[in-house]
Amino acid sequence: MSAGKARFFLQAKWTGARSKMSRQQQTFLGNGPEMKVSIGKLELKNPVMLASGTCGYGPELADVLDLTNIGAIVVKGISMEPRAGNPPPRIAETPCGLLNAIGLENVGVEAFISSKLPWLHERNITTIVNILGNSVGEYQALAARLNKCPGIHALEVNISCPNVKEGGVAFGTDPEQAAKVAGAVVQACDLPVIVKLSPNVSDICSIARAVEDAGASAVSLINTILGMAIDIQKKTPVLGNVFGGLSGPAIKPVALRMVWQAARCVDIPVIGVGGITSASDALEFFMAGACAVQVGTATLVDPGAAGRVLQGIVDFMQENHYQSLKELRIGP
Amino acid sequence: MSAGKARFFLQAKWTGARSKMSRQQQTFLGNGPEMKVSIGKLELKNPVMLASGTCGYGPELADVLDLTNIGAIVVKGISMEPRAGNPPPRIAETPCGLLNAIGLENVGVEAFISSKLPWLHERNITTIVNILGNSVGEYQALAARLNKCPGIHALEVNISCPNVKEGGVAFGTDPEQAAKVAGAVVQACDLPVIVKLSPNVSDICSIARAVEDAGASAVSLINTILGMAIDIQKKTPVLGNVFGGLSGPAIKPVALRMVWQAARCVDIPVIGVGGITSASDALEFFMAGACAVQVGTATLVDPGAAGRVLQGIVDFMQENHYQSLKELRIGP
Amino acid sequence: MPGRFDISSRIVSQKEIAPDTFLLRLYAPEIAENAVPGQFVMVRPGLEEERDPLLRRPFSVHRADPDAQQIEILYRVVGRGTRMIARKQAGSHLQVLGPLGRGFSLPKGKIPILVGGGLGTAPLLFLADVLEEKRAVVVLGAVTRSQLLRLQDFSSTGLEVLVATEDGSLGNRGLVTEVLDRLLGRLEKDARKNVVVFSCGPMPMMRAVAGLCGNYSVECQVSLETAMACGLGLCLGCAVCSDTGAFLHVCRQGPVFPAGQVDWSKI
Amino acid sequence: MPGRFDISSRIVSQKEIAPDTFLLRLYAPEIAENAVPGQFVMVRPGLEEERDPLLRRPFSVHRADPDAQQIEILYRVVGRGTRMIARKQAGSHLQVLGPLGRGFSLPKGKIPILVGGGLGTAPLLFLADVLEEKRAVVVLGAVTRSQLLRLQDFSSTGLEVLVATEDGSLGNRGLVTEVLDRLLGRLEKDARKNVVVFSCGPMPMMRAVAGLCGNYSVECQVSLETAMACGLGLCLGCAVCSDTGAFLHVCRQGPVFPAGQVDWSKI
Ligand SMILES: Cc1cc2nc3c(=O)[nH]c(=O)nc-3n(C[C@H](O)[C@H](O)[C@H](O)COP(=O)(O)OP(=O)(O)OC[C@H]3O[C@@H](n4cnc5c(N)ncnc54)[C@H](O)[C@@H]3O)c2cc1C
Ligand SMILES: Cc1cc2nc3c(=O)[nH]c(=O)nc-3n(C[C@H](O)[C@H](O)[C@H](O)COP(=O)(O)OP(=O)(O)OC[C@H]3O[C@@H](n4cnc5c(N)ncnc54)[C@H](O)[C@@H]3O)c2cc1C
Ligand SMILES: Cc1cc2nc3c(=O)[nH]c(=O)nc-3n(C[C@H](O)[C@H](O)[C@H](O)COP(=O)(O)O)c2cc1C
Ligand SMILES: Cc1cc2nc3c(=O)[nH]c(=O)nc-3n(C[C@H](O)[C@H](O)[C@H](O)COP(=O)(O)O)c2cc1C
Ligand code: FES
Ligand code: FES
């Protein structure tokens, strides 16, 4: 589906819905609900993104999803050097969920810039680069390297990878460490910096506040919840890495709760991620206080999921007379 | 099904399975796998318990489950004074999960002793009392009151209720607070003390170790994971209490991971809880290092679940020539 | 309390009797023998191995036929669980737990008035079936004629049946409460003591019925609905607010309650 | 790479052709037209609203019929997902994504030997269908005669079909690898360069086939199976170890690989 066609599709749907309304309402609604969202100085055309690690670098999805129609793509986490990732098996299915232990396999920042980014840039796809370092210095170096690369619109800092730690503590579970990483990245680049939070913490607010204070433009949450599965016939953990990250519908209630909490303790935008498979899931996140959402595991199951989520949000807002995403939010 | 009948049923099954084996194996296996488990000085006839809050005080289940056949029943959390609990709605269904915000409604310790305990005691049902206080003092007073009550075999200390805190921190998320509660209870009674841990923490091991050091006989985990749901039509949280605890199959991978971690950092028995609906789920927990399991939400859906879980464990051990539960454990 | 049974129940028949509204007949001997009007069953929408949706769904016993060892359930498809049940065909099985809860209690000598709206007719047909008091009256309401369910069956019980439709397409134009108001208004003050109203239907309707009965000092029992996880009293999830501020547990203390026990402002 | 399509595909027919083994025919024009032998599709076991089991299941294209715009899948029921698919009946729909991955590549002028064991016959029939080289040989193995699937269909392709059963109930008694060993052993050293082996089946069989071909210096391509979440290259979940220590991604770089690329000690 080309960009033009996709827009026409949205347009057509709206026209249909609108024709059921009175003339007065039509005038009032103008061109339908406002879907634009700002994350720092970046303006997204709509609030539905593809979550890191579930959409490759873009081309893998192009046959089945129009990426120009999506708010943004967050590409697979990038490190300075290429990484091979964890030994297989890397995935296991759980009740309404998926465990993964990919181990942040990626092509490394140089190959990303030279061989992956151009494809996205040529197509004008809003691109957010998820970055991952072994140390504060590596995060900083990544930010510096990606800064001013044409075609990159924001960075998402993955401090929530359970397998990467400094001083024995994962960056994402200690407010001080989290703030250090966030601050270093903010210093090193002019791009909006989104910090992606880990759910494996006692108190999500202390982390969210710490990275806000360190200058982050937004937080996104949640990353996967640490879990595992055992093959009782083989009497061994299913995953080569023993532990993996749980994602998918199973974790939605936890993600929603954390987004609700974060949205009530920071002033920067909160991006909701975790188990979103339908427009109604996404709407729960907007009501909880998210300004945008990311679709992750759902894309793996259903590569067109993000498009349907977006369309469903527009339909719901239209039917229920919401003019802007902000109006969806419950309470303060 | 009477106790006698249930035992006969197990017996009959075993006989059937055994007849397929060689005479040598039969002699070797004796009377089938050893199912007894020790928790401190308490010996359970088998390792399958009913989890607190999902089996009432016993009689509610009697029609559909033979409680004398179960390792133990952990009754609904008891506080000093009766509690009315949270305003409705109190439950919400989520993908493969259940959110509850019962708010620890209970009859209070005196009514429990006078009107609930006798039913269990008369039937010789192994009874573990889940206790819950607003302060260290209340935990201690509860333990003292329940100590030496005939018919109580152990206490399970619920420090993981998200709605009860001291100094703003839930007891269950701070190792020091957790140790204080555990120590106070251990001091106040002669019963085996199981401490039930919260999953809403960055580091389960530090809490498990703290309560082990404080003298706990065992730890059980996990309690529910804090979550929420929103009704997008009504634009309001589904639960009267906004937040609730997530349980059921959805959380099994997280519970299993925490049991694996806890079993590798403490020497006291670890009791696995979280999403167990089948024997194969329970076996995953034994392999992860649990010495016993609790069946929670599954009983709500399927009141006979614990009986089937128990039977399935015996069948699996028989078929795969495990002689004891300990042999199921993976690694050290 | 008689026993409760968790059985794999064969579907005898399943018919769509109105748009999205199904009549399900199950072979369930233990439940058919033990159920009383107002009690309910918990039905698992999927197979045992299916864990999503996780919970069973509660449905009133619409009819119990101990001779045929069958029960009927009348239900509307409103979401995933009911959609799954509606897809099942005769011959396949459903896991059913029941009979559950406390049903209607018949005060000796009183003349019952059964007031049902919409799907609220579900438990009332069972009640009408077993009433020995043949002076009982049934008042049924719906938005329009086609939504008046099981009218023929209510008539066949031999009881007087009054009908109200909001659009006037059958019976009185207006709400069931208006019919009830007239019925009760016609009675002498003393006669009101000899009447009992049994009501089931949408919350606003039951609230209005409870209010009317309060005004006329007529005894009233209502059948409440709430979210339920277990139906057995295990989870305490099914709380509703009572007049005393304490909570009522619908699955065990109800689903039928004296209308005066319910805090109608909080439902 | 030609397009991939995510379509709601009508079930044309579904037959149990051996115990727990089903032949599924789907109306899937885009996939039927674009698929090449060795490619696969991802099938969603449930309806869109069903989230458990969560993931789609990968299946080889067993046959593609562009004229009828249909594809066939040959599968065995091994767990929940395949059980759900097996319950579906002709006329109902399945969500199918494909064609996916890289199939077998036919080196010009070489004579193919197709070696399949058990369900490994699934992708090979499609391959046999489209081979223009009529000197190709098919070697099929199974434990016993009744587990030899689609024999008649392989024969109808006009290719020579050799059979091995472990119990000797049909063809040679023994393993497919023994038949292959004899076939390759009979060839002159030079002739071996003009042969290519395409293999699919249980891992131990493919490992043995790969070993044999290595010994004889015969080109060999194998079709691997691994757990998959997306089938599209999005998740990087489908890694297997390569000879260089790097990981191969079965869904995008495979499922067909040159046997020498695979680290057989780690599979
Ligand atoms: C004691 C009792 C008796 C009942 N008897 C009948 C009956 O005879 N016939 C009948 O059609 N229905 C009856 N209900 C309601 C029935 O249980 C719900 O319609 C059903 O559970 C919805 O399941 P679902 O999966 O289709 O919908 P869901 O997808 O779970 O929900 C769809 C909608 O239904 C609402 N809902 C969900 N569960 C309930 C519930 N327990 N009560 C009320 N609303 C709910 C949800 O809030 C949502 O708006 C009864 C409920 C109770 C508590
Ligand atoms: C590229 C590819 C092509 C395949 N083609 C076919 C085919 O043509 N016909 C056919 O019958 N099967 C094929 N398979 C295997 C098929 O995908 C699995 O049998 C199926 O996914 C099992 O799903 P389930 O829900 O029934 O089993 P589950 O309940 O998920 O698992 C049951 C058992 O199957 C194993 N299993 C699960 N997924 C896979 C998998 N992807 N590969 C191997 N084992 C698995 C599990 O470890 C478990 O032991 C193929 C697999 C791949 C990767
Ligand atoms: C296979 C897989 C790979 C992932 N890789 C990354 C990653 O590289 N960086 C990151 O920040 N998050 C990664 N995630 C986490 C997702 O972006 C997302 O936060 C999480 O899966 C929860 O959302 P979901 O339930 O919608 O999938 C990955 C998730 C999956 C399933
Ligand atoms: C309705 C409900 C009430 C519960 N009440 C208690 C309680 O009183 N005390 C307690 O320690 N845990 C309580 N729990 C937690 C369970 O005992 C168990 O730890 C948790 O539900 C996870 O196990 P499951 O997935 O098998 O349900 C409750 C859980 C549910 C669903
Ligand atoms: S539904 Fe569980 S106690 Fe009523
Ligand atoms: S299955 Fe997702 S990348 Fe291969």
Side-chain angles (χ1 to χ4, degrees), chain A residues 92 94-99 169-170 172-174 198-203 207 225-233 235-238 242-246 248-261 275 277 279-288 316 320 327-331, chain B residues 92 94-99 169-170 172-174 198-203 225-233 235-238 242-246 248-261 275 277 279-288 316 320 322 327-331:
Chain A
T94 70
C96 290
L98 172 68
L99 279 169
V169 185
T173 57
D174 179 47
S198 166
N200 305 301
V201 298
S202 315
D203 177 14
I207 314 261
I225 306 181
L226 199 58
M228 77 178 290
I230 288 176
D231 184 326
I232 61 165
Q233 299 300 337
K235 202 185 170 190
T236 168
V238 175
V242 181
F243 295 159
L246 183 64
I251 69 168
K252 193 189 68 174
V254 181
L256 193 67
R257 181 263 297 182
M258 288 190 161
V259 164
W260 174 283
Q261 290 177 316
T277 62
S280 122
D281 293 334
L283 287 157
E284 286 191 70
F285 280 87
F286 290 119
M287 291 187 181
F316 177 91
N320 294 278
E327 286 172 25
L328 289 166
R329 179 169 172 148
I330 297 171
Chain B
T94 69
C96 289
L98 171 68
L99 280 169
V169 185
T173 58
D174 180 46
S198 165
N200 304 301
V201 298
S202 316
D203 177 13
I225 306 181
L226 199 59
M228 77 177 291
I230 288 176
D231 183 327
I232 62 166
Q233 299 301 336
K235 202 185 168 190
T236 166
V238 175
V242 181
F243 295 160
L246 184 63
I251 69 168
K252 193 190 66 172
V254 181
L256 192 68
R257 181 263 298 180
M258 288 189 161
V259 165
W260 173 284
Q261 290 176 316
T277 63
S280 122
D281 293 334
L283 287 158
E284 286 191 70
F285 281 86
F286 291 118
M287 291 187 181
F316 177 90
N320 294 277
Y322 288 101
E327 287 172 25
L328 290 166
R329 179 168 172 147
I330 297 172

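Every chain is numbered from 1, with letters handed out A, B, ... down the list of sequences.
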Heavy-atom side-chain proximity of A/Phe285 to B/Ile230 below 4.5 angstrom: no
I'd like to know which of B/Ala229, B/Ala92, B/Gly97 tops the heavy-atom pair count under 4.5 Å against chain A. B/Ala229
Report yes if the side chains of A/Ile330 and B/Lys235 come closer than 4.5 Å at any heavy-atom pair, otherwise no. yes
Find the one option among B/Met258, B/Met287, B/Gln233 whose heavy-atom pairs under 4.5 Å with chain A are most numerous. B/Met287
Would you name the heavy atoms of B/Ser202 and A/Val201 that are closest together and state the gap between them? OG-CA, 3.4 Å
Taking all heavy atoms of A/Leu226 and all of B/Gln261, pick out the closest pair and write down the distance. CD2-NE2, 4.3 Å
Is A/Leu99 in contact with chain B via its backbone, its side chain, both, or neither, using a 4.5 Å heavy-atom distance? side chain
May I ask you to name which of B/Thr277, B/Leu246, B/Asp203 has the most heavy-atom pairs under 4.5 Å with chain A? B/Leu246
What part of B/Ile232 gets closer than 4.5 Å to chain A, counting heavy atoms only: side chain, backbone, both or neither? both
Heavy-atom cut-off 4.5 Å, strictly under: side chain, backbone, both or neither for A/Leu283 against chain B? both
Which atoms of A/Leu328 approach chain B - backbone, side chain, both or neither, heavy atom under 4.5 Å: backbone
Heavy-atom contact with chain A under 4.5 Å, split by part of B/Pro199: neither
Which atoms of A/Val259 approach chain B - backbone, side chain, both or neither, heavy atom under 4.5 Å: neither
By a 4.5 Å heavy-atom criterion (distance strictly below it), what part of A/Thr236 contacts chain B: side chain, backbone, both, or neither? backbone
Counting only N and O atoms by type, is there a donor-acceptor contact under 3.5 Å from the side chain of A/Arg257 to the main-chain atoms of B/Met228? no
